[in-house]
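What follows is a single structure, written as structure tokens, with notes after it.
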Protein chains: 2
Amino acid sequence: MRTQLTECLEPAQGCICFNIRKSARAITQLYEEALRPTGLRATQFTLLVATRVMGTATISGLAKGLVMDRTTLTRNMKPLEKQGFIRIVPGKEDRREREVTLTLAGQEILTTALPLWKTVQQSVVESLGQSRVTRLLKDLSVTIELAQVE
Amino acid sequence: MRTQLTECLEPAQGCICFNIRKSARAITQLYEEALRPTGLRATQFTLLVATRVMGTATISGLAKGLVMDRTTLTRNMKPLEKQGFIRIVPGKEDRREREVTLTLAGQEILTTALPLWKTVQQSVVESLGQSRVTRLLKDLSVTIELAQVE
DNA sequence: TCACTATACGTGTATATACTCCTATTATAA
DNA sequence: TTATAATAGGAGTATATACACGTATAGTGA
């Protein structure tokens with residue numbers, strides 16, 4: 001079993017999955033603390049922003065853009081819908097689809113949240129340095145593409 | 001409201017939190033698919049490895065090392081304990097503590113999982129390139145430290 | 001038209017995550 | 001020694017995540 005311990009050192013330190021997940025936990029803390037005055041979670045902020053940008057989107061359309069499982073997105077929409085930030089209605093042309101749009105309340109909470117996001121984002125960019133951030137985002141996007149291919 | 005749309009473009013694309021989380025979702029898919037023969041989730045593999053390396057660890061000790069909330073770790077241990085891969089006993093010297101150790105079954109499942117992890121890890125390293133991986137892990141560690149300070 | 005396939009989506013189930021509040025035990029100071 | 005503070009940990013609650021499976025609608029070819 002001595003061999004096993006040796007074998008465990010690498011996955012304990014160099015596992016790409018573990019390190020990205022760990023970083024996700026850590027960075028989420030920062031952003032959620034910043035967004036706390038709005039009551040929005042990091043994911044919820046992301047969903048509101050994505051919905052705003054898409055204008056009108058379907059569940060699957062949003063899921064693809066966010067690289068998020070479709071059923072996960074459905075579940076994540078629930079709290080936002082309950083709070084009245086988004087509206088989900090059946091598609092007119094294709095009745096299988098469900099159209100997601102921001103409500104007025106959703107636009108308002110976004111107006112409150114955007115400067116809070118901007119502050120924490122700028123703070124992180126300043127701490128990490130713009131070049132490292134640019135590099136990191138690029139490297140992450142490559143990682144994402146890698147998983148997409150499979 | 002035209003302003004709001006403009007304001008949303010940056011958080012929709014350049015949000016560090018969103019991109020790391022997105023990458024975490026994507027990379028987790030790869031590793032969990034590789035580990036599927038063992039039935040282990042990515043996090044569970046991580047916990048087993050960490051427990052193996054630590055030898056005997058407390059909940060808080062493990063949580064700190066994994067940059068994971070203590071209560072999250074307690075919850076994550078449950079499936080592993082139920083499957084008999086780890087054993088959790090009250091500490092002898094400090095009875096507030098709980099000592100986590102690998103069982104024989106835990107060591108066995110690790111023996112099965114380690115080569116599967118190694119295969120997917122090597123595959124990812126090969127696809128991304130060793131230099132990008134090294135760079136990415138370094139950048140992620142800086143990000144983690146940033147969140148730790150707060 | 002009708003059977004078949006493909007697509008869009010939801011539900012059941014299980015794990016992952018962390019905040020708030022609580023208990024038990026240990027350490028410390030008066 | 002005892003009251004108080006500090007530490008280790010769990011439970012309640014809510015959200016995040018995704019797989020397996022099922023339903024409804026749309027498209028397609030015989």
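Every chain is numbered from 1, with letters handed out A, B, ... down the list of sequences.
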* To do: Report the residue (A/Arg41 or A/Asp69) whose heavy-atom-nearest nucleotide on DNA chain D is the more 5′ of the two.
  => A/Arg41
* **Options D/dA8, C/dG10, C/dT25, nucleotide nearest the side-chain atoms of B/Ser60** => D/dA8
* For the side chain of A/Arg98, counting heavy atoms from C-beta on, which of C/dC19, C/dA8, C/dG10 is nearest? -> C/dG10
* Output the single nucleotide from D/dA11, C/dC9, D/dT15 whose closest atom is nearest the side chain of B/Lys78. => D/dA11
* Ignoring backbone atoms, establish whether A/Thr71 has a side-chain N or O less than 4.0 Å from OP1 or OP2 of D/dA18. => no
* Is B/Asn76 touching bases, backbone alone, or none of the nucleic acid, heavy atoms closer than 4.0 Å? -> base
* Side chains of B/Val100 and B/Ile59: closer than 4.5 Å at any heavy-atom pair? -> yes
* DNA chain C: 5'-proximal contact among A/Asp94 and B/Lys82 (nearest heavy atom) -> A/Asp94
* To do: Give one of base, sugar-phosphate or nothing for A/Arg75, where a contact means two heavy atoms less than 4.0 Å apart.
  => base
* Just to confirm, is there a sub-4.0 Å distance from OP1 or OP2 of C/dA8 to any side-chain nitrogen or oxygen of A/Thr58? -> no
* Does A/Leu30 reach the side chain of B/Cys17, with side-chain heavy atoms less than 4.5 Å apart? -> no
* Sugar-phosphate, base or nothing in reach of A/Arg25, heavy atoms under 4.0 Å -> sugar-phosphate
* Touch check for B/Thr72, heavy atoms < 4.0 angstrom, all strands: base, sugar-phosphate only, or nothing? -> base
* Minimum-distance nucleotide to B/Arg36 side chain [options: D/dC19, C/dC19, D/dT15] -> D/dC19
* To do: Tell me whether the OP1 or OP2 atom of D/dG9 has a side-chain N or O from B/Arg96 closer than 4.0 Å.
  => no
* Asked: Do A/Leu110 and A/Phe85 come within less than 4.5 Å of each other through their side chains, counting heavy atoms only?
  -> no
* Which of these nucleotides, D/dT17, C/dA16, D/dC21, is closest to any side-chain atom of B/Gln44? -> C/dA16
* To do: Report yes if some heavy atom in the side chain of B/Arg70 is under 4.5 Å from a heavy atom in the side chain of B/Lys64; otherwise report no.
  => no
* Asked: Contact class for B/Glu99 vs. all strands (heavy atom < 4.0 Å): base, sugar-phosphate, or nothing?
  -> nothing
* Asked: Which comes earlier along DNA chain D counting from the 5' end, the contact point of A/Pro79 or that of A/Glu93, where each point is its nearest nucleotide?
  -> A/Pro79
* Asked: Looking for any heavy atom pair under 4.0 Å, which part of the strands does A/Thr28 touch: base, sugar-phosphate only, or nothing?
  -> nothing
* To do: For D/dA18, take OP1 and OP2 only and decide whether either is under 4.0 Å from a side-chain N or O of B/Gln29.
  => yes
* Asked: Salt-bridged, A/Glu81 to A/Arg87, with N to O below 4.0 Å?
  -> no
